[in-house]
Amino acid sequence: MTMQYFPYPHRKDEIIRHVKRHHDTRRCPGVWSHSYIVTNHRNKIQAALLVGPAPYPTVVRAFCRREEDYTRHAWVARMSSAGITSQQIDDLIQYAHKHLQSLGKYWVHTLSDYHAYSIASHLCLRSKGYTGEVYHRNQYHYLGTAGRRCTIGFIVDGIPHHIRQGKVTLSDKNVHAYFPDAREIRAIKGHPKRRWAAILADTPEQYQQRLLLMKYRPQPYTPSRQPLLLIERLYHDIILSWLMAYST
């Protein structure tokens, strides 16, 4: 296995194919700034870590205390892997951190979704939450939850549809126009996501300074294996199953 760095758009098409095949969402951002990949002996991509600007300016403004630090913020746009060990994933993350720090970045920021759901087909919802354990292993700070419950899809006449339909993003306002002949449409609500951030620093003094330059404060992290979280997840699965059965 070999770790490599490529600036966008080098190997873009190959990276997109890998992410769409192996990331549970089956989606890949169209643009990023930096790609860190693991390749096998045939130079085939086994893992990809894509880093770029935050998806919205509000994300950076909410994170940084000072406007002059906005360019020092890095965002993990997507991470996927297949056929490698957790240690190799950790090595790739640390490899990316060292390179980003050399570019003058102070933080690497991302989200995980413990209640993530993807629509595997037009017949079922597939549940695959992202617990954040990989970030916890790699010394990211847990920064609490982000935002509120949002719509992740709709059940239209008993068939689930993800909010992203090609170039169209479904919402409460446009879903009826997109499915004008539907008899019944129900929204599928997700849960707030979890914030994570790694602080890139050479010395303890740098680390503490960059910690203070964040607006968010580190919080205690609850591992996903704890009973209360497992019960919460099971309850959410039961509610979604009931909703789908009732709609059908």
Exercise for review: Verify the neighbour count for atom CD of Glu68: are there more than 12 heavy atoms of other residues, nucleotides or ligands below 6.0 Å?
Suggested key: yes

Practice item. Indicate whether any N or O donor in one side chain lies under 3.5 Å from an N or O acceptor in the other, for Gln94 and Asp90. Key: no

Point to revise | Verdict with reasoning, His109 to His73, per side chain to side chain contact (heavy atoms under 4.5 Å, CB included) | key: CA-CA 7 Å; His109 183 197; His73 176 278; 2.9 Å; yes

Review point. Does Arg186 pair with Glu184 as a salt bridge, N-O distance under 4.0 Å?
Key: yes

Review point. Quick check: does any side chain N or O of Arg195 sit under 3.5 Å from a backbone N or O of Thr145, one acting as donor and the other as acceptor?
Key: yes

Point to revise | ILVMFWY clustering at 4.5 Å (side-chain atoms), partners of Tyr70 | key: Val60

Review point. Does Phe154 have its ring centroid less than 6.0 Å away from the ring centroid of His176?
Key: no

Exercise for review: Decide if atom CZ of Arg137 counts as having more than 12 heavy atoms of other residues, nucleotides or ligands within a radius under 6.0 Å.
Suggested key: yes

Point to revise | Evaluation steps, side chain to side chain contact (heavy atoms under 4.5 Å, CB included), between Ile15 and Ile45 | key: CA-CA 7 Å; Ile15 289 171; Ile45 295 177; 3.7 Å; yes

Check your understanding: For atom CZ of Arg217, is the number of surrounding heavy atoms from other residues, nucleotides or ligands below 6.0 Å larger than 12?
Key -> yes

Practice item. Answer yes if the ring centres of Trp107 and Tyr216 are under 6.0 angstrom apart, and no otherwise. Key: no

**Study point:** Mutual orientation of the aromatic rings belonging to Tyr140 and His97 [parallel < 30°, tilted 30-60°, perpendicular > 60°]
**Key:** tilted

**Study point:** Neighbour count above 12 (heavy atom, 6.0 Å) for Lys98 NZ
**Key:** no

Review point. Tyr135 versus Met79: any side-chain heavy-atom pair under 4.5 Å?
Key: yes

Check your understanding: Does a salt bridge link Arg17 with Glu14, judged by any charged N lying under 4.0 Å from a carboxylate O?
Key -> no

Review point. Strictly by modelled atom types, are His18 and Ser80 linked by a side-chain donor-acceptor pair under 3.5 Å?
Key: yes

Check your understanding: Quick check: does any side chain N or O of Asn40 sit under 3.5 Å from a backbone N or O of Asn43, one acting as donor and the other as acceptor?
Key -> yes

Review point. Between Thr110 and Trp75, do the side chains contain an N or O donor and an N or O acceptor separated by less than 3.5 Å?
Key: no

**Study point:** Within the 6.0 Å centroid threshold, strictly below: Tyr36 and His99
**Key:** yes

Check your understanding: Using a distance-only test with no angle check, is there a side-chain donor-acceptor pair under 3.5 angstrom linking Gln4 and Thr39?
Key -> yes

Check your understanding: Got Val31 and Pro9 here, is their nearest side-chain heavy-atom distance under 4.5 Å?
Key -> no

Point to revise | Validation row: Arg78, Pro29 side chains within 4.5 angstrom (heavy atoms) | key: yes

Check your understanding: With a 3.5 Å cut-off and no angle check, do the side chains of Glu133 and Tyr221 form a donor-acceptor pair?
Key -> yes

